[in-house]
Amino acid sequence: MVRFEKNFIFGLATSSYQIEGAATEDGRSPSIWDTFCKTPGKVYKGYTGDVACDHYHRYKEDVGILKEIGVNAYRFSISWSRIFPEYGKYNPKGMEFYKKLIDELIRNDIKPTVTLFHWDLPMWAYNMGGWPNRDSVKWFQEYAVKVFEELNDSVKFWITHNEPFCASILGYCLGIHAPGHKNTREALIAAHHILLSHGAAVEAFREF
């Protein structure tokens, strides 16, 4: 029988908007997916992530399930608009949830793996031009730096962007993901800025 190496990491993954719920709690502001899901005709039966799996309230139960099925890593994403509900306005209450989640994972010998961006751009960032605005690189770096400051002591595995293709091409060219645009030029500029923001976040991380 072929066996995995002892140091092989078995993990599961989620994303903030798809699992957390608590869409308006503890200072969180809307993301582009909140708006997109509530736009008639965009999402099957108008389903939203307002409640989702209610992970925000049931994270201890969820971590218990992870422990029970034997995984040793959990990749989750952080809701940018929970951390910065407005540009430049840090929300400690939003960060508190992720600290509690990480503590619970560590207590259960599960490695926390953090994704900084899983498609849910804050609406305030979208209203300021979104990813097609080159300033988005700076916004993302500022957000990433704050997350690193708060969580770097307890998190060893980091991911900047989940599937940049989805945020740029599906969101800005094909219009089937938030924000629902159909503009090839916008999509290519957005993709470029997302990649630049990855580099900016990595450079910032290396300072820690």
Side-chain angles (χ1 to χ4, degrees), residues 7 9 11-17 19-20 26-29 31-33 59 63 72-168 171-172 188-208:
N7 63 350
I9 296 175
L12 295 177
T14 62
S15 73
S16 55
Y17 187 69
I19 190 172
E20 286 179 5
D26 294 332
R28 181 187 179 275
S29 67
S31 76
I32 56 174
W33 272 97
Y59 71 92
V63 171
N72 51 18
Y74 173 50
R75 180 181 81 100
F76 59 93
S77 76
I78 290 179
S79 168
W80 186 349
S81 61
R82 204 180 285 287
I83 305 305
F84 284 98
E86 301 175 23
Y87 178 58
K89 180 182 178 182
Y90 171 59
N91 178 29
K93 190 69 176 177
M95 184 64 76
E96 183 181 317
F97 165 70
Y98 297 105
K99 289 182 176 180
K100 291 189 296 186
L101 171 60
I102 288 167
D103 287 346
E104 190 70 15
L105 290 167
I106 292 172
R107 275 195 293 271
N108 284 275
D109 299 316
I110 299 171
K111 298 177 177 65
T113 303
V114 174
T115 302
L116 292 172
F117 183 74
H118 197 131
W119 313 341
D120 51 347
L121 188 73
M123 275 304 298
W124 61 256
Y126 173 77
N127 292 334
M128 293 168 66
W131 286 117
N133 182 346
R134 193 181 176 97
D135 286 345
S136 60
V137 177
K138 178 184 68 173
W139 307 335
F140 184 75
Q141 184 183 46
E142 291 168 349
Y143 156 63
V145 165
K146 189 61 182 177
V147 175
F148 295 151
E149 287 175 352
E150 296 292 330
L151 303 181
N152 197 46
D153 287 344
S154 52
V155 175
K156 303 304 177 187
F157 299 99
W158 295 91
I159 297 163
T160 54
H161 291 274
N162 179 79
E163 298 176 293
F165 173 86
C166 295
S168 57
Y172 282 94
L188 295 177
I189 294 172
H192 178 58
H193 292 163
I194 289 171
L195 294 177
L196 287 178
S197 74
H198 159 79
V202 171
E203 286 183 345
F205 179 77
R206 288 173 177 163
E207 298 296 321
F208 282 82

Is any side-chain heavy atom of [Y] closer than 4.5 Å to one of [X]?
X: Asn72; Y: Asp109; result: no
X: Tyr172; Y: Pro132; result: yes
X: Trp119; Y: Ser15; result: no
X: Leu151; Y: Ile78; result: yes

[Y] backbone acceptor or donor facing [X] side chain under 3.5 Å:
X: Tyr143; Y: Leu116; answer: yes
X: Ser81; Y: Pro122; answer: no
X: Ser77; Y: Ser16; answer: yes

What heavy-atom pair brings [X] and [Y] nearest, and what distance separates the two atoms?
X: Phe157; Y: Ile9; answer: CZ-CD1, 4.2 Å
X: Arg75; Y: Asn162; answer: NH2-OD1, 3.2 Å
X: Pro112; Y: Val155; answer: O-CG1, 3.8 Å
X: Trp139; Y: Ala125; answer: CZ3-O, 3.5 Å
X: Asn152; Y: Lys156; answer: O-NZ, 4.0 Å
X: Gly130; Y: Ser136; answer: O-CB, 3.6 Å

For Phe76, check ring-ring contact (aromatic ring centres under 6.0 Å, His included) against everything at least two apart and list the hits.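 Expected list: Tyr74.
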Applying ring-ring contact (aromatic ring centres under 6.0 Å, His included), name anything that partners Phe148, two or more places apart in sequence or on another chain.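 Phe148 satisfies ring-ring contact (aromatic ring centres under 6.0 Å, His included) with Trp158, Phe205, Phe208 once adjacent residues are dropped.
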To the nearest 0.5 Å, what is the distance between [atom1] on [X] and [atom2] on [Y]?
X: Lys93; Y: Arg82; atom1: NZ; atom2: CZ; result: 11.5 Å
X: Ser168; Y: Ile189; atom1: OG; atom2: CD1; result: 12.0 Å
X: Tyr87; Y: Asn127; atom1: OH; atom2: CG; result: 15.0 Å
X: Ile110; Y: Leu105; atom1: CD1; atom2: CG; result: 5.5 Å

Phe84 and Trp124: CA distance, side-chain angles, deciding distance, ring-ring contact (aromatic ring centres under 6.0 Å, His included) verdict: CA-CA 9 Å; Phe84 284 98; Trp124 61 256; 7.5 Å; no
Enumerate the salt bridge (charged side-chain N to carboxylate O under 4.0 Å, His left out) contacts for residues 111-139, please, sequence neighbours excluded, ordered by first and then second residue.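 Salt bridge (charged side-chain N to carboxylate O under 4.0 Å, His left out) check on residues 111-139 returns no pairs.
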Donor-acceptor contacts, no H, no angles, side chain residues 192-204, under 3.5 Å, sequence neighbours left out:
unit_1, atom_1, unit_2, atom_2, d
His193, ND1, Trp131, O, 2.7
Ser197, OG, His161, NE2, 2.8
Ser197, OG, Ile194, O, 2.7
His198, ND1, Thr160, OG1, 2.7

Would you say Lys89 has more than 12 foreign heavy atoms packed within less than 6.0 Å of its NZ?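 Not buried by this count: 12 neighbours or fewer within 6.0 Å.
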Set of residues satisfying salt bridge (Lys or Arg N to Asp or Glu O under 4.0 Å) with respect to Asp153, sequence neighbours excluded: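 Checked Asp153 against salt bridge (Lys or Arg N to Asp or Glu O under 4.0 Å); zero matches.
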Side-chain donor-acceptor contacts of residues 95-103 below 3.5 Å, not counting sequence neighbours, with atom names and distances?
unit_1, atom_1, unit_2, atom_2, d
Tyr98, OH, Glu20, OE1, 3.3
Tyr98, OH, Glu20, OE2, 2.6
Tyr98, OH, Ser79, N, 2.9
Lys99, NZ, Glu150, OE1, 2.6

